[in-house]
Amino acid sequence: MSDQGSAPGVYHASADFIANAHIDADGYARMYEASVADPDAFWAEQAQRIDWIKPFTKVKNSTFDYGNVSIKWFEDGTLNVSASCIDRHMLTRADQTAIIWEPDNPATPSLHITYRQLLENTSRMANVLKAQGVGKGDRVVLYLPMIPEAAYAMLACARIGAIHSVVFAGFSPDALANRINDSEAKVVITADFAPRGGKKTALKSNTDKALFDCSDRVKCLVVKHTGDQTTWIEGRDVDVKAEMAAAKPYCAYVEVGAEDPLFILYTSGSTGRPKGVVHTSGGYLVYAAMTHQYTFDYHDGDVFWCTADVGWVTGHSYIIYGPLANGATTIMFEGVPTFPDAGRFWEVCAKHKVTQFYTAPTAIRSLMGMGTDWVEKHDLSSLKLLGTVGEPINPEAWNWYNTHVGKGKCPIVDTFWQTETGGHLITPLPGAIGQKPGAATKPFFGIKPLVLDPANAEVQTETAAVGVLCITDSWPGMMRTLWGDHARFEEAYFSQYRGYYFTGDGCRRDEDGDYWITGRVDDVINVSGHRMGTAEVESALVAHEAVAEAAVVGYPHDIKGQGIYAYVTLMNGVDPTDALRKELEVWVRTEIGPIAKPDLIQWAPGLPKTRSGKIMRRILRKIAENDFAALGDTSTLADPSVVDDLIDNRMNRG
Ligand code: 6R9
């Protein structure tokens, strides 16, 4: 993008791009105004982008009043999400590629799956699930590599009205067991192994371990993907590919209510227990489809690539549901950016003539460090637009992305959103909104952001403001509840700032009304774009017999954005050795998964606590950041001397 706008530091799409874009600046202003002035009329029209079985007569019905929070959209309409993503394209694009599967190993051929094949395979998978007794409302846990069967399984659940819960394949057996149990799933679908970056994760064996802690009734459906040997429990384990081959190639879809759940996705909060975010069918699909079209300026014939994993919400909304509802060609990539070399992303872009490329800042930062040769080697002329998601992007990475990947001609959409929001909340719509490196800029249609002063909960009315980010009113794509715990849902999101949805993020609004997300203000940290509750890591650490107490904070990390910094107090008499430090790292990896491994462990003879026993994380964060001058008031601590000890030891950390 060239810096040619009204103000320095503002980047605009080219005249050509704007001429072909779905929306320009005036269009955005008009449409945004309409979306907030009359949400019922606006969303009734937008909802026509998907297929309804029984049309809705009610549009929005929601309240954010604490104690009474209820969110419903299109509540008396019925539909089937898989029919809207597949069947309705049969007349117009049955032979168009729906999914391009790009395997971990570039020597393995990629697959082009047409909408017709997607219908057949989703149907076969749906029939396999039905044969296992899975029906409407039942929960199915998916613990899979990035393979086509993951897409078939998600859509098959939607087809029969079952609720899927995808668990990222990097999570541990314990984390998997917790999710199977919390959702009371009937079935878990896994694979023998997950190849990634040339290594293989033993998913089946992880699932075996997880199922030790689950009901005997949970069936285990196994996709034999690599074909390597695994254990097999007769009567419990089912060979998915064999069953799919024998199943009928068509399965009628089930009519579900707009407010029937489509999926549960567990995400980290500020307490130890992950939250089962529930998304429903109608509103979610409308919002995923609409944001996919406008944010990425998606047009027929484009090849869209979101590099996320379907284990995260980004994979749900922008690999599967949004693109397929729009009849798009979407890429599903099994591998990692650096295998077999640091040019893999760009090789795949060239190979499949990708038009929109959507990734995380952490990936950009790690590739940036490996030089530009890897990018220059590949023909990136098909790219029209770039996107980022998951964390704030630093201007240096933005500039590198713009110059070396976008060649200065691709708008960059910095999309701010969350598992809870279902789709983009704040993002520069290309062609309509000027981009500023590091800013998510302006709200999507129907989103009314507010900046509140965290000290007194006052709404900041000046354009330029700093505070916490809340949203005034509901939109179709937002979550409806936490699985089995509506009280926790209200407590977590609607109790701090009454009447509003609280994102958990801090933000700054500049003089132009552009939003800059500054990061979480709660005890959630963002490691390589993945959400991690510090309490989750702490409870894993204290579960080790040598650990008496632990406090975990984030600290700035060049590649990951934030790293995991753990202060650990050992049991009396235990020696703080390097071997123990290693052991604790491995311990956390096994308890939660590799993404939770602490980057630094500091032995802490004592932790700074208030007289009421609350750990003062603010102080621990400052010490982790080496910012000793900004510790603030330590006089309220029960024992202020622990702080000096921690500062002394900070120098000796591992
Ligand atoms: C989609 C996704 C949500 C948290 C969110 C915020 C951070 C996401 C961002 C961003 C700055 C962006 N976040 N996108 N921060 N700029 N463009 O990432 O969902 O895993 O639930 O994480 O990620 O802190 O609150 P999720």
Side-chain angles (χ1 to χ4, degrees), residues 166-168 170-171 263-270 274-279 284 287-288 291-292 295-296 306-319 321-322 358-365 386-395 397-398 401 412-429 433 435-444 447 449 468-471 477-479 482 492-493 501-509 514-534 536 554 560-562 595:
V166 186
V167 176
F168 176 57
F171 277 124
F263 65 85
I264 306 170
L265 191 55
Y266 286 87
T267 189
S268 299
S270 20
K275 303 189 274 202
V277 167
V278 176
H279 282 284
Y284 169 80
Y287 199 73
T291 47
H292 173 257
T295 302
F296 302 115
C306 162
T307 70
D309 190 286
V310 289
W312 312 113
V313 74
T314 307
H316 284 62
S317 300
Y318 302 113
I319 296 177
Y321 292 114
Y358 187 36
T359 197
T362 182
I364 300 167
R365 283 193 300 267
L386 305 173
T388 66
V389 57
E391 52 177 322
I393 183 162
N394 47 313
W398 196 99
Y401 200 28
I412 300 179
V413 291
D414 174 349
T415 63
F416 165 74
W417 61 296
Q418 310 176 298
T419 306
E420 292 87 342
T421 71
H424 306 144
L425 279 192
I426 302 182
T427 181
L429 292 189
I433 297 166
Q435 306 134 55
K436 298 175 182 173
T441 72
K442 293 284 198 294
F444 194 77
I447 304 298
V468 293
L469 179 67
C470 288
I471 311 291
M478 80 180 296
M479 71 183 151
L482 293 179
Y493 303 103
Y501 167 72
F502 174 42
T503 58
D505 282 295
C507 90
R508 176 167 78 80
R509 188 169 55 210
D514 284 321
Y515 291 83
W516 303 67
I517 310 300
T518 48
R520 303 287 305 197
V521 295
D522 53 11
D523 291 325
V524 172
I525 55 180
N526 194 325
V527 183
S528 300
H530 298 316
R531 264 167 81 162
M532 185 59 51
T534 51
E536 275 172 79
K560 299 181 179 185
Q562 278 188 302
I595 53 175

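First listed ligand is number 1; within each ligand, the first listed atom is number 1.
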When you look for heavy atoms under 4.0 Å from ligand 1, do you find them on the side chain of [X], its backbone, both, or neither?
X: I393; answer: neither
X: T415; answer: backbone
X: Q418; answer: both

| request: Measure from the ring center of Y284 to the ring center of Y321 and say whether it is less than 6.0 Å. | output: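 Yes, the ring centres sit under 6.0 Å apart.
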At a 4.0 Å threshold, what atoms of ligand 1 neighbour a non-hydrogen atom of [X]?
X: N526; result: 7 (C), 23 (O)
X: V389; result: 1 (C)
X: T314; result: 1 (C)
X: I517; result: 11 (C), 15 (N)

| message | Once side-chain hydrogen bond (donor to acceptor under 3.5 Å, both in side chains) is applied, do any residues pair with Y358, and if so which ones, sequence neighbours excluded? | response |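 Y358: side-chain hydrogen bond (donor to acceptor under 3.5 Å, both in side chains) contacts with T415, W417, H424.
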| With sequence neighbours left out, what residues match K442 under side-chain hydrogen bond (donor to acceptor under 3.5 Å, both in side chains)? |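 If we apply the side-chain hydrogen bond (donor to acceptor under 3.5 Å, both in side chains) test to K442, skipping adjacent residues, the hits are D514.
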Can you check which of [options] brings a heavy atom nearest to [atom]?
atom: atom 20 (O) of ligand 1; options: H530, R531, E420; answer: R531
atom: atom 11 (C) of ligand 1; options: G315, S317, P392; answer: P392
atom: atom 12 (C) of ligand 1; options: M532, E391, H316; answer: E391

| request: If the plane angle is over 60° it's perpendicular, under 30° parallel, otherwise tilted; pick one for Y318 and H292. | output: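 Y318 and H292: parallel rings.
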| Heavy-atom side-chain contact between L482 and V278 under 4.5 Å |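 SC-SC contact between L482 and V278 ruled out.
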| query | Is there side-chain contact between I595 and V527, with heavy atoms separated by less than 4.5 Å? | reply |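 They are not in contact (no side-chain heavy atoms under 4.5 Å apart), so the answer is no.
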Just to confirm my output: which protein heavy-atom neighbour is closest to [atom], and how far is it?
atom: atom 2 (C) of ligand 1; result: W417 O, 3.7 Å
atom: atom 5 (C) of ligand 1; result: D505 OD2, 3.2 Å
atom: atom 21 (O) of ligand 1; result: T419 OG1, 2.5 Å

Where the side chain of [X] meets the backbone of [Y], is there a donor-acceptor pair that is under 3.5 Å apart?
X: E420; Y: M479; result: no
X: H316; Y: G422; result: no
X: T427; Y: V413; result: no
X: S528; Y: T362; result: no

| message | Pairing donors with acceptors under 3.5 angstrom, does anything connect the side chains of Y287 and S317? | response |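 Checked: Y287/S317 side chains show no N/O donor-acceptor pair below 3.5 Å.
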So, regarding [X] and ligand 1 (criterion: nitrogen or oxygen to nitrogen or oxygen, under 3.5 Å), is there a contact or not?
X: R520; value: yes
X: D414; value: yes
X: T267; value: no

| query | Is ligand 1 less than 4.0 angstrom away from at least one heavy atom of A440? | reply |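 Per 4.0 Å heavy-atom rule, A440 does not contact ligand 1.
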| task | Would you please determine whether G390 falls within less than 4.0 Å of ligand 1 on a heavy-atom basis? | result |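 G390: in contact with ligand 1 (<4.0 Å).
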